[in-house]
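Notes follow the structure.
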Amino acid sequence: MTHDPSTDQRVAFLGLGHMGAPMAANLLAAGVPVIGYDVVPAAMDAAADAGIPLAQDAIQAVADADVVLTMFPSGQHVLEAYRGTDDAPGLLASAPSGATFLDCSTINISEAQDAAREVTEAGFDAADAPVSGGVVGAEAGTLAFMVGADDHVFARLEPLLAVMGSRVVHCGPAGMGQAAKICNNMILGVSMVAVSEAFVLAEKLGLDHQAMFDVVSGASGQCWSLTTNCPVPGPVPSSPANRDFQPGFAGALMAKDLGLAVNALSETSVDAPMGELAQRIYADFASEWGGADQDFSAIIQSIRERSTSRLPRR
Ligand code: NAD
């Protein structure tokens, strides 16, 4: 029998939410020793039902960990957990020497770099490894991991990440995993708005959805937003538009990721009006229009709605 290096590493899995719980379950199923913890009791109950061994608190979870894996909502959660508070010691003060801090949350690039610096200053190794693929990918073990880490840290973590994902890309040093994710999702947000605007224009002009799809999918407008996540029902039967825009990739997450992109644009002084506009469009879609829990391709419905109330120019 061949030796599987992923099972050598004891993993403290912190954050057992929509993504974390199925990721932890996949590690366990592959024979990786996992101990989980979440601050929310309902998440702990669900994880216990799924057979995930649990610690009483974060400190107990990381006591014997080789890898401290976090899957949290935001960078603030990650930094607070690492640093601790006046009342409770953080993970940096609690993990055993030799541990590697692996953050799979989607957070600001600058926060990921701050976290990695503090991890390194505390004597540990750090990696950021945000994912794409959503809950479906987390459950199926087919996530894509974008990893920011030094070469030796990446080499150590790759077998573990390969248990939870089907694609693991080393993007560079700390923060570059987040950078890759944010750049991709900025393209995705802009391209979905562009494809949706074009479909609404086609509708107004009397151009059939299928005819437009047949032309554009083989022409220079071709992109993932059209050929995989097509915002109109029909041309791509598996796209969320065929099932009342159930996500998929929820509008709230697109709004969050574009917010991170805009923060990065501002920190780097990049002039990117398309990315900034996409961020405003999706922030409004998620918070005002009711698109937070719908697939992000439902943006087409908000465009249609605004277009019916707009008078044509004379
Ligand atoms: P979630 O809110 O369902 O889960 C996060 C969990 O972290 C919660 O259960 C929360 O209680 C827990 N948590 C927060 N602080 C904690 C702490 N200090 N200790 C222990 N637990 C703590 O979020 P999710 O959908 O699982 O997403 C997690 C991350 O993955 C986010 O950064 C998100 O942007 C990213 N992501 C999500 C998806 C998706 O489809 N859901 C896709 C790609 C990336």
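Counting convention: from 1, in listed order, for ligands and their atoms alike.
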(request) Mind telling me whether Trp289 and Phe285 have parallel, tilted or perpendicular rings, with 30° and 60° as the class edges? (result)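 Taking Trp289 first and then Phe285, their aromatic rings lie parallel (interplane angle under 30°).
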(message) Side chains of Asp114 and Asn108: any donor to acceptor distance under 3.5 Å?
(response)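 No - no donor-acceptor pair under 3.5 Å links their side chains.
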(message) Going by side chain to side chain donor-acceptor pair (under 3.5 Å), name the pairs with one or both residues in residues 267-279, residues two or more places apart or in two chains.
(response)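 As it turns out, the side chain to side chain donor-acceptor pair (under 3.5 Å) pairs with a partner in residues 267-279, which skip direct neighbours, are Ser110-Glu267.
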Go ahead and list the nitrogen or oxygen contacts between ligand 1 and the protein that come in under 3.5 Å, distances to 0.1 Å, or just say none.
| unit_1 | atom_1 | unit_2 | atom_2 | d |
| --- | --- | --- | --- | --- |
| ligand 1 | 3 (O) | His18 | N | 2.9 |
| ligand 1 | 3 (O) | His18 | ND1 | 2.7 |
| ligand 1 | 9 (O) | Asp38 | OD1 | 3.3 |
| ligand 1 | 9 (O) | Asp38 | OD2 | 2.6 |
| ligand 1 | 11 (O) | Asp38 | OD1 | 2.6 |
| ligand 1 | 21 (N) | Val39 | N | 3.4 |
| ligand 1 | 26 (O) | His18 | N | 3.3 |
| ligand 1 | 26 (O) | Met19 | N | 2.8 |
| ligand 1 | 32 (O) | Phe72 | O | 2.8 |
| ligand 1 | 32 (O) | Pro73 | O | 3.4 |
| ligand 1 | 32 (O) | Thr106 | N | 3.0 |
| ligand 1 | 32 (O) | Lys256 | NZ | 2.9 |
| ligand 1 | 34 (O) | Lys256 | NZ | 2.8 |

(request) Quick one: list whatever passes ring pair (Phe, Tyr, Trp, His ring centres under 6.0 Å) with Phe101, sequence neighbours left out. (result)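 Per chain and number, Phe101 pairs via ring pair (Phe, Tyr, Trp, His ring centres under 6.0 Å) with Tyr82, Phe124.
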(request) Return the set of residues passing ring pair (Phe, Tyr, Trp, His ring centres under 6.0 Å) with Phe199 (not counting sequence neighbours), or none when no residue passes. (result)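 Partners of Phe199 under the ring pair (Phe, Tyr, Trp, His ring centres under 6.0 Å) test: His209.
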(message) Is the shortest side-chain heavy-atom distance between Glu203 and Leu207 below 4.5 Å?
(response)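 Answer no - side chains too far apart.
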